[in-house]
Amino acid sequence: MGTPNQYSRRLFLQRAVLVSVAAAGGGSLLTGCASGGGGGTESGGGETSAENPFGVQADAPLDVVIFKGGYGDDYAKFHEELYKKKFPNAEIKHAGITDIRQQLQPRFNSGNPPDVIDNSGAEQLPLATLADTGQLADLTPLFDAESIDGGKIRDTLNPVAIEAGDYGGKILVLNYALEVYGLWYDKTLFDQKGWQPAETWDDFLTLAEEIKGDGIAPMAHQGKYPYYIQQVTMDMAVKHGGVEVVKAIDSLEPNAWKHPSVKMAAEALLEIKSKGYMLQGTEGLDHIQSQTRWNEHKAAFIPSGSWLENEQKKVAPEDFATTVAPTPLMDGSKLPFQSTRVSAAEAFIVPAKAKNVPGGQEYLRIMLSKEGASKFTELTAAPTVVTGAGEGLDLTPAAASASELVKAGGDNNWNYYFFVWYSPMRPKIETAFGELAAGRVTADEFCAACQKAADETAKDPQTKKRTRS
Amino acid sequence: MRHGQYRFIVGFLVLPLALYAIFVISPFVQAFYYSLTNWTGVSPQFDFVGLQNFQTLTQDSLFLRAVRNNLVLLVGMPLAVILLALFYAFLLNVGGAGSGVGVRGVRGSGFYKLAFFLPQVLSVPVIAVIWAVILDPTPTGLVNSAMRRVGFGGSGWLADPNLALYCVLWVLVWGSVGFYLVLFNAAMSSIPRDIYEAALIDGAGRVATFFRVTIPLLWDTIQTSWVYLAILALDVYALVAVMTPGPGGPANATQVISLQIAQNGFQFGRAGYASAMGVVLFFFTLIIAAIMLRATRRQRIEY
């Protein structure tokens, strides 16, 4: 994340014409757009069986587009090999790209999307919009299908995968990678100094004072992208007030952001700032700059997700043991210390208008096999939503501590969706967190700013409101 | 004209005109059309919504904030660039110590020209990254440690909502001054030396020569630069997107129209609404260019 999109006004307009020329298929623009592309579903044809539950036509080509980001695309090539083994006559087109939106937007507009897309990265297509305009194939049959290793696929997955893919009762997205969030530290350094991640807020403040006394800033954050500091603040709020806090926020309920737990967490963040525990100037650093300073032991803790170790591989010292700690508990917290936000990422979709929808679904079924999932973990050091697929692999310190936290948290782990569901609200919330982390607003002003953004979103006729079950 | 000559000319023009129509005119026309729809940008289906997008725009506080910031840049940037470029160009041309005979530039003017022009060969994102590093907000940042050496406190620069927009403005100016310096320099060298020398003999000092001779004779060039810089100030997307927190932050201090267009069009799935912003920006640019050309019109001096 964090790589800004290089668009200019001119580029935007140019792109608009390309899009519409494609949409019109060279014909008249207006009629072309209104009637949409002609491409329909030519899928099916093959017979369904236990081996082939979606009835894939054995020789139908498969068009796969993968976001080639932090995880690379080698894992996808492996999955394609597995598919090829099953359907030797199928021709597979593979593309590993980063500019998903630029390349696929015209194809969606002309009704000619690929069969499988890993819609991720800074330039992903707006997922909620795709879902609401009926452009995604229903993956519910996939989740109810038999897994390659036996058992219903749904039962082999971490529940967050089902929750995250659910758009109004239908599962439209397969979020493949499991991401664990928390406060990250160097275990080598902490062991040397005899420090322990604190379990309670008071202990955290004591530890921070000690770290500060050692000449290290207790905390840094990726200030240019306030998403990160938002993460740990929200975690503390959820642990204090329970998952209901964030369910209300996801559902855009009135006064959800004014919940006492949210305010308390905001005050905790202000306390870190006002006591000088924050790396000075960190609010102007981007993720690479701040994380590199953290690698250089200029800061002890940094908020992030389980991709952090991989992201910093090139700059981290040899003996740096990237390890995750859950956020500390404020007084009266409802959830245990050993619990955290766990999300499912790398959003795989099968477009409704794809030429080979069954092939796309079968490809995802292959990904969800033990073999497919453990290869992903092996190649990327990141866990997948397939339960236990990473077992027996030799894990890095980050991956090991993250999987331990997932296990320890169990049913107490949670996720939230307002950033994905309501993209126009996202920058507003992030701005509010940025101001809070810089200590320029009070906790009350912060809650009011977030609530205002949520209320505006709830009133906006163009935004589809969603609710958590 | 002889028979067939028109056909000959048209033959040459048809390709560039067709390209211009397809890649310039038609996107504009389409943006106008899309601005009246609720097109998401990722679906072939959308509805016609009339002027609703423009109505929403008038109440969109972020968009209005972006317009305000663009106005600050629109006033500050051309003014600073033209003043600085004129001043330097004047120094390079006639600022040299008088050696009794004639008028010449300061010593090493060739080197200065090169040094000032250098940013022009860097791409905008590179400039943005360089300045983001120079303006590092931590105490060990380049500018901050330099300031501490001379006894000033540091600053958050781009992370400070009161300064961020001016930092962007400064980088814009830094990146543009070189080009206009070279442009004005070329225009000044085409002013005959004897005019300066005559002015000097008549007892005009440096300041008087600058205002009474140089500026009037450069007016056409300045006018063109002004319009061009104004258009540049309305589109600072790359700088803001790369340099500022958010981007557009902190606290929306560096929010600009082009950033809002990109966010709405590509991240929020609101291409129709973004097109409406584009249409507003189009007219904005057109009106400003027209006003500037009209307001700065003067009689042309021949020499």
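Letters go in sequence order (proteins before strands), and every chain restarts at 1.
The shortest non-hydrogen separation linking B:Pro44 to A:Phe108 is CD-O, 3.7 Å. Shortest non-hydrogen contact noted between A:Pro126 and B:Phe268 is CB-C, 4.5 Å. Between A:Leu285 and B:Pro137, the shortest heavy-atom contact is CD2-CD, 4.0 Å. Heavy atoms only, all atoms of each residue included: B:Pro245 and A:Gly223 are closest at CB-O, 4.4 Å. Here the closest heavy-atom approach between residue A:Gly284 and residue B:Ala159 is recorded as CA-CB, 3.6 Å.
Within a 6.0 Å sphere centred on CZ of B:Phe284, other residues, nucleotides and ligands contribute more than 12 heavy atoms. Other residues, nucleotides and ligands contribute over 12 non-hydrogen atoms within 6.0 Å of the CZ atom of B:Phe54. Within 6.0 Å of atom CZ in B:Phe32, more than 12 heavy atoms from other residues, nucleotides or ligands are found, so the atom counts as buried in its surroundings.
Listed in order of number, the residues of residues 455-465 of chain A that approach chain B to under 4.5 Å between heavy atoms are A:Asp460, A:Gln462, A:Thr463. Within residues 433-451 of chain A, the residues having any heavy atom under 4.5 Å from a heavy atom of chain B are, by residue number, A:Glu435, A:Arg440.
Side-chain contact between B:Ser43 and A:Thr129 is absent, with no heavy-atom pair separated by less than 4.5 Å. Using a 4.5 Å heavy-atom threshold, the side chains of A:Lys224 and B:Leu158 count as separate. With contacts defined as side-chain heavy-atom distances shorter than 4.5 Å, the pair A:Gln280/B:Thr138 does not qualify.
Contact of B:Thr140 with chain A is made through the side chain alone, with heavy-atom distances under 4.5 Å. Interface remark: B:Asn144 contributes no atoms to any contact with chain A (heavy atom separation under 4.5 Å). For a residue to count as touching a neighbouring chain, one of its non-hydrogen atoms must lie under 4.5 Å from one of that chain's; by this rule B:Leu259 does not touch chain A.
Of the residues A:Leu125, A:Leu104, A:Leu127, the one that meets the side-chain contact (heavy atoms from CB on, under 4.5 Å) test with B:Val42 is A:Leu125.
To the nearest 0.5 angstrom, B:Gln45 atom CD is 7.5 Å from A:Gln135 atom CD. Atoms OG1 and CZ, on A:Thr133 and B:Phe46 in that order, are 12.5 Å from each other to the nearest 0.5 Å. Atoms CD and CZ, from A:Gln102 and B:Phe266 in turn, are 7.5 Å apart once rounded to the nearest 0.5 Å.
For chain A, the option among B:Pro250, B:Ser155, B:Pro161, B:Gly249 with the highest count of heavy-atom pairs below 4.5 Å is B:Pro161. Of all the listed residues (B:Gly246, B:Ala132, B:Ala164), the one sharing the greatest number of non-hydrogen pairs under 4.5 Å with chain A is B:Gly246. In terms of heavy-atom pairs under 4.5 Å with chain B, the best-connected choice from A:Gly134, A:Pro427, A:Ser423 is A:Ser423.
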